[in-house]
Visitor: 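Take a look at this one; I'll ask things after.
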Protein chains: 2
Amino acid sequence: MQHSHDNPEPALNQSVQDEIRQDIILGVLPSGSRVTESALAKKYGMSRVPVREALRGLEMEGFVVSRPYAGSTVAAIPVDEADDLFAVRESLESVIARRSARRAAAQFTAGQPDDGWWKTRKEIAGILQSGDAAVAADEQELLPDLNIRFHLAIAELSASTSLGALLRQIARKIEWLYATDVSSRGKHSWAEHWAIMAAIDAGNADLAGELMCSHVHQSWVGYASRFHGVGAELPARK
Amino acid sequence: MQHSHDNPEPALNQSVQDEIRQDIILGVLPSGSRVTESALAKKYGMSRVPVREALRGLEMEGFVVSRPYAGSTVAAIPVDEADDLFAVRESLESVIARRSARRAAAQFTAGQPDDGWWKTRKEIAGILQSGDAAVAADEQELLPDLNIRFHLAIAELSASTSLGALLRQIARKIEWLYATDVSSRGKHSWAEHWAIMAAIDAGNADLAGELMCSHVHQSWVGYASRFHGVGAELPARK
DNA sequence: TGACACGAAATTGTATACAATATTGCTTGA
DNA sequence: TCAAGCAATATTGTATACAATTTCGTGTCA
């Protein structure tokens, strides 16, 4: 297909990076494993070059560590950084929610309806409904993925590539920490998403930020009680 | 030099990425410029491969945008994200400072003195003295670089690679926003570094976090008054 | 004149080949 | 038996060659 600048062609080798990252997160490639370019190249049926770039990306994301000429190994799961990551995420997502609300307000006051905004907004609508369906059908195993997609979509709604990149990085680390366990907080956690979205739609930055802050904090509490023990002390929500 | 696993060999092609990023930050490569692999390869006297990896890294950092087969261009300076970046940085660095203080406390109570900790701690001592010297000699043009190095060193002292990576990303964006202007807040801002370091050394996490939060907030105020106008409203420091 | 199609040039994506380095295992000596 | 040195191997770093795709200029037709 030539002369087509509409479909962005979903980033060829990027997919390999996603696959390897998923293998790391799911524990197929445990911490400390050696990952050689040749082996991965053979596994995915391609040359070393795309694999190499994927490994470089994963190194920047903190999933592998590399030394020149000495190869790469899967990094250690950052368990001792969990609390701090949640703390930063709480602040980050709060800022993102506020920003999304401000942009939503500008969206409705300004005359022109931004095309990209509506696209993302509709995507979120779909995610929310899928989550409700999953809750209704008691298929809670679908929620973690939908949960991440919701939060990243909100970031996209904020139209801040910088903040979006930061959230992606943190969210993936937290996904790794949860590892295979995960079950989120289930129904209750999911229901909060609707309230956040409503606050953003209303252009209420203060409320959106507050709700998101609380939402993420509860997620943190859930994580801490599961992995640190129930009574683990956490800083009060700001 | 063979059989030497002491000197980590400072990351060959990584240096190219640093050089290109600096060109972008300093405006040598303005936003929207096309950056082609061939041109950069010729400029730095190497093959396309290292340059390509550097560009991929810069794309992940948000300094360039690429489309498959369509090349890369320097991204837009994220001016409208400045406030939000500062807000996140305030929280992030506060967490880092708290963490550094906790680790410092553990350092002194535990018997074994961690080698890496002392190395970083001494590096910070050097940075602080260099900054004092620059202030005394009224060479304030040296402060911005020393300032970034101080904050990144504190992050290293926290022994959290995840948080360190996040700070590096944010700090570089803010460096880009300041562009060539910069002068930091000069003497007063620099003096605060000593107090932060003292709080960390004392293992006082609450104080370290508080001081760092205030410090970054003041930096934010300085930025806002310079670029948004003096009276620009900012959220109160948490 | 303007729009559209087509093709040449430029650029990126991938594969392969070679150079540089680290790792591993063996040999040697005390 | 163990440590140290050396060579063989494996792996990464880089260069070059080719394929795939986009972009830009040119010509044609209405």
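Only this structure's heavy atoms are used, side chains among them; waters, hydrogens and symmetry mates stay out. Letters A, B, ... mirror the listed sequences (proteins, then strands); counts begin at 1.
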Visitor: Is a side-chain N or O of A:Ser100 found less than 3.5 angstrom from the main chain of A:Ile154, in a donor-acceptor match?
Guide: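 At least one qualifying donor-acceptor pair exists.
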Visitor: Can you find a pair of side-chain heavy atoms, one from B:Leu40 and one from B:Ile20, that are under 4.5 Å apart?
Guide: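 Yes, side chains in contact.
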Visitor: Over 60° means perpendicular and under 30° means parallel, so classify the ring planes of B:His193 and B:Phe150, tilted if in between.
Guide: parallel
Visitor: If you take any heavy atom closer than 4.0 Å to DNA chain C, which residues from residues 48-60 of chain B end up in contact?
Guide: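 Those residues are B:Arg48, B:Arg52, B:Arg56.
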Visitor: Measure from the side-chain heavy atoms of A:Arg34 and tell me the nearest of D:dA15, D:dT11, C:dT21.
Guide: D:dT11
Visitor: Just wondering, do A:Phe63 and A:Val74 contact through their side chains at under 4.5 Å, heavy atoms?
Guide: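 Not touching, per the 4.5 Å side-chain cut-off.
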Visitor: Are the side chains of B:Trp176 and B:Pro78 in touch, meaning some heavy atoms are under 4.5 Å apart?
Guide: yes
Visitor: Residues two or more places apart in sequence or in another chain: which of them pass side-chain hydrogen bond (donor to acceptor under 3.5 Å, both in side chains) with B:Arg172?
Guide: B:Glu61
Visitor: Give, for atom CD of A:Glu81 and atom CZ of B:Arg99, the distance between the pair rounded to the nearest 0.5 Å.
Guide: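 If we round to the nearest 0.5 Å, A:Glu81:CD and B:Arg99:CZ are 5.0 Å apart.
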Visitor: Report the C-alpha distance between A:Leu152 and A:Ile148 in whole Å, list the side-chain angles of each, state the deciding distance to 0.1 Å, and finish with yes or no for side-chain contact (heavy atoms from CB on, under 4.5 Å).
Guide: CA-CA 6 Å; A:Leu152 291 181; A:Ile148 289 183; 3.9 Å; yes
Visitor: So if I take residues 35-45 of chain B and measure heavy-atom distances to DNA chain D, which residues fall below 4.0 Å?
Guide: none
Visitor: Roughly how many Å is it from CZ in A:Arg67 to C1' in C:dT23, rounded to a whole number?
Guide: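 Nearest whole value for this atom pair: 10 Å.
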Visitor: Is the phosphate of D:dA15, meaning OP1 or OP2, less than 4.0 Å from a side-chain N or O of B:Ser47?
Guide: yes
Visitor: Expressed in angstrom and rounded to an integer, what is the separation of B:Tyr69 atom OH from C:dT12 atom P?
Guide: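 That distance rounds to 12 Å.
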